[in-house]
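Here is the structure we will look at, set down as structure tokens.
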Amino acid sequence: MSDARVISHAARGWRLAAGLVVVTVAVAAQQVWQAERRSAALRDEVAGLRSRLADRRELIAHQRREMAQVASAADHLARTAGALGERGAEARRLAHMEESRAETRALVNVAATLDGGMSVMSEDAGRALEQLAWLDGQAAAASDSFAVLTVLVKDRGEEVSPGVPTLWPVRGLVTSPFGARTSPYGEGREMHPGIDISASYGSPVTAAGNGAVIFAGRDPGYGGLVIVDHGGRLDTLYGHLSALYVREGQSVRCGQAIGAVGATGRATGAHLHYEVRVNGAPVDPRRYLAK
């Protein structure tokens, strides 16, 4: 009887051990299965990220190829504009016109390259933008040059049209040039549409070129004012005059006295305010005046 109980206890012990082994194996299998699922999910996620990264790289490469083409086109256009500017300058010299005093940056050579980087703003894009800014200045200078030349070359048989205002209306020191300046009345920055030439009160003011007087009278700002039409939509204005020697509708010759230096209107002292307008827009008079 004692042996039977021992055998029974041993059998129960083996069954318990076998049950523990089975539970342990089941738990381990469950964990392996879950780990495999997580690993498969991670592999799918990595594959998706790699696909998106490849698409993004392809998009960037495409954009950079397009930007390289734009940079190359800007480079070609800049060289054309540079050649145009040189021809305009040569035409000014032949016509004895003063060169523009505006500072012009040197031409930047745009190299259309693909460096394989990941930057959104490539070197080509930056250079192309710089070229476009340079081209804007070149176009403005060329436009002004051709406005002058259009007036100059009215007749092929004439070297210089007598109506072009190349004569200084009065001799003196230019005290305020054309362009942005600080207001002499303490009103901050302002656009000065002409040049101020200092001269003695009463000094004669002469027409800068042949033309017809289209205004001779008083203006609240300009004071005593004469405007001469030189043809080709080109006008000259003579302001702050103390006396007027011409009337509206009168024809004047280059060098003819049309008034006298004064300080009328908004003026801080005796001087001539002189403007040149092309199509109604003021341009730098010194580009027309003979040296």
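Residue numbers start at 1 and run along the sequence shown. Worth saying up front: this structure is predicted, and the values here are computed from it rather than measured.
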Show the numbers, then the answer: is there a side-chain hydrogen bond (donor to acceptor under 3.5 Å, both in side chains) between Glu275 and Tyr222?
-> CA-CA 11 Å; Glu275 291 185 26; Tyr222 289 98; 2.5 Å; yes
Worked check of salt bridge (charged side-chain N to carboxylate O under 4.0 Å, His left out) between Arg50 and Glu45 = CA-CA 9 Å; Arg50 286 177 175 172; Glu45 184 176 356; over 6 Å; no
Could you walk me through whether Val226 and Val213 pass the side-chain contact (heavy atoms from CB on, under 4.5 Å) test, one step at a time?
-> CA-CA 7 Å; Val226 171; Val213 178; 4.3 Å; yes
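Taking the six-membered ring for Trp and the full ring otherwise, the centers of Phe178 and His192 sit at least 6.0 Å from each other.
Here the side chains of Ile214 and Glu248 are not in contact, with every heavy-atom distance at 4.5 Å or above. Counting heavy atoms from C-beta on, the side chains of Ile258 and Tyr238 come closer than 4.5 Å. Using a 4.5 Å heavy-atom threshold, the side chains of Val283 and Arg277 count as separate.
Within the structure, the ring-ring contact (aromatic ring centres under 6.0 Å, His included) test picks out no pair touching residues 15-68 (sequence neighbours left out).
The hydrophobic cluster containing Tyr245 does not contain Val170, counting ILVMFWY residues as joined when their side-chain heavy atoms lie under 4.5 angstrom apart, directly or transitively. Linking Ile, Leu, Val, Met, Phe, Trp and Tyr residues whenever their side-chain heavy atoms come within less than 4.5 Å leaves Leu237 and Val261 in two separate clusters.
Side-chain atoms of Asp219 come within 3.5 Å of backbone N or O of Gly221 as a donor-acceptor pair. Using a distance-only test at 3.5 Å, with no hydrogens or angles considered, no donor-acceptor pair links the side chain of His230 to the main chain of Pro165. Remark: the backbone N or O of Leu241 is paired with a side-chain donor or acceptor of Thr264 at under 3.5 angstrom.
Within the model, atoms CG of Asp229 and OG1 of Thr236 stand 9.0 Å from one another, a figure rounded to the nearest 0.5 Å.
Residue Arg181 places its CZ atom among more than 12 non-hydrogen atoms of other residues, nucleotides or ligands, all under 6.0 Å distant.
Of the options Pro285, Pro282, Pro193, a side chain to side chain contact (heavy atoms under 4.5 Å, CB included) to Val276 is made by Pro285 and by none of the others.
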